[in-house]
Amino acid sequence: MTLEEARAALHTARRVAVLTGAGVSAESGIPTFRDAQTGHWARFRPEDLASPGAYRRDPNMVWEWYAGRYRDVTRAQPNKAHHLLALLEREKGDGFFLATQNVDGLHARAGSERLVELHGNLSTARCEACGTVAPLPAPDTFTPPPTCPLCGSRMRPNIVWFGEFLPELALEAATRAFQEAEVALIVGTSGQVYPAAGLALETRRAGGVVIEVNPDETELTSSLTHSVRDVASKGLAALMGEA
Ligand code: OAD
Ligand code: ZN
């Protein structure tokens, strides 16, 4: 499929599902996970920070890392890619669905509403005892770990860690949207973390068109219909005719 055909398919589709990963926020200055030089996982092993075991061993260290990321994303701004996806949602209306693996909250800040955050959110915490989810105070006004507003117990980052299950309803809604989509866009993800990466294949299996936007080849590339080899902002602009 050529770029022109991909653009036409996106233009005429009534049902569009989008999966985003860390690459969509790279142009907002937020590091990805697996980029060899700058990614989080170039410096840390995921299991030392993003796992229940790591949190049991050293909750303060894990909290410090998440509090630092929370501070960084609060200072960052949504970029053109986030804004273009919010625009695409306004164009497609009810037929639009966005599933993100990102925990930075930038899609919501850009105005996306038909949105599920499959891996949680940096700006909230969850009570370890009663499960209450509450927003964190402003980054410079609190010292982690936060305590639950209802029961006073310690709260944990509201993030899905390695070895944990994704929120069931969010994953079900995303799976349905990707099965029904005529066109799926896979933007800025290495496609290595399941079940999120499997969403692309749901659309493909159901006979839909799947278009990737990524400067590099990914694990998913060979299974998809078309790849736009560019950064998220430019790739989406090219696909949406907004260049
Ligand atoms: P990765 O770091 O694995 O992949 C980022 C992807 O973005 C790579 O394929 C890059 O080529 C691409 N990329 C880099 N800059 C880009 C740009 N400007 N525009 C578009 N693409 C760009 O991040 P994810 O795929 O999101 O999970 O990782 C998936 C999950 O693994 C994350 O949600 C996180 C991580 O461990 C948890 O923390 C639970
Ligand atoms: Zn509680």
Side-chain angles (χ1 to χ4, degrees), residues 18-52 54-55 62 65-66 69 73 79-82 84-85 99-104 106-107 116-122 124-134 145-167 170-171 185-200 211-221 224 227-239:
V18 184
L19 174 70
T20 64
V24 82
S25 295
E27 293 169 83
S28 295
I30 298 174
T32 61
F33 292 93
R34 292 178 181 76
D35 281 321
Q37 304 299 326
T38 55
H40 290 302
W41 300 157
R43 288 182 294 146
F44 307 103
R45 291 189 313 161
E47 54 272 34
D48 290 342
L49 282 168
S51 73
Y55 189 61
V62 171
W65 190 66
Y66 279 104
R69 285 183 59 204
V73 305
N79 66 57
K80 184 174 175 185
H82 299 104
L84 284 172
L85 289 172
T100 186
Q101 300 168 86
N102 298 344
V103 295
D104 57 33
L106 291 179
H107 283 302
V116 296
E117 295 174 313
L118 294 171
H119 290 169
N121 193 303
L122 280 174
T124 56
R126 187 166 82 239
C127 177
E128 291 174 34
C130 74
T132 295
V133 172
T147 49
C148 175
L150 286 193
C151 77
S153 303
R154 190 176 69 187
M155 299 180 93
R156 57 162 276 177
N158 191 23
I159 304 283
V160 178
W161 284 327
F162 287 98
E164 295 186 320
F165 292 108
L166 270 60
L171 184 60
L185 302 180
I186 311 298
V187 188
T189 178
S190 62
Q192 292 183 39
V193 176
Y194 283 77
L199 292 170
I211 305 164
E212 167 179 73
V213 179
N214 197 308
D216 292 322
E217 195 170 310
T218 72
E219 302 282 315
L220 295 170
T221 300
L224 310 184
S227 292
V228 181
R229 287 277 162 260
D230 211 335
V231 294
S233 62
K234 292 194 181 133
L236 285 170
L239 279 171

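Since the model is a prediction, treat every value here as computed from it, not as a measurement. Residue numbers count from 1 along this sequence. We count ligands from 1, going down the list as the structure has it; atoms in each ligand are counted the same way.
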Inset, instruction - Give a yes/no verdict on whether any heavy atom in Trp161 is under 4.0 Å from an atom of ligand 1. - result: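 Contact absent.
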
Legend entry - Close approach of Gln192 to ligand 1, heavy atoms, under 4.0 angstrom: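 Distance cut 4.0 Å: Gln192 fails for ligand 1.
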
Is there a polar contact, in the sense of an N or O pair closer than 3.5 Å, between [X] and ligand 1?
{"X": "Ser190", "answer": "yes"}
{"X": "Asn102", "answer": "no"}
{"X": "Thr189", "answer": "yes"}
{"X": "Phe33", "answer": "yes"}
{"X": "Val24", "answer": "no"}
{"X": "Trp41", "answer": "yes"}
{"X": "Val231", "answer": "no"}

Legend entry - Proximal atoms of ligand 1 relative to Thr32 (non-hydrogen, under 4.0 Å):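 Per the distance check, 2 (O).
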
Inset, instruction - Could you see which bit of Arg34 sits under 4.0 Å from ligand 1, with heavy atoms only: side chain, backbone, both or neither? - result: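 Near ligand 1, Arg34 shows its backbone as well as its side chain.
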
Legend entry - ligand 1 versus Val103: contacting region, heavy-atom distance under 4.0 Å: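 For Val103, no heavy atom sits under 4.0 Å from ligand 1.
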
If you have a sec, work out which protein heavy atom is nearest [atom] and how many Å separate them, to one decimal?
{"atom": "atom 27 (O) of ligand 1", "answer": "His119 ND1, 3.5 Å"}
{"atom": "atom 29 (C) of ligand 1", "answer": "Gln101 OE1, 3.3 Å"}
{"atom": "atom 6 (C) of ligand 1", "answer": "Gly188 O, 3.5 Å"}

Legend entry - For the Zn ion (ligand 2): protein N/O/S atoms at distances below 2.8 Å: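 Protein heteroatoms (N, O, S) closer than 2.8 Å to the Zn ion (ligand 2) number 4.
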
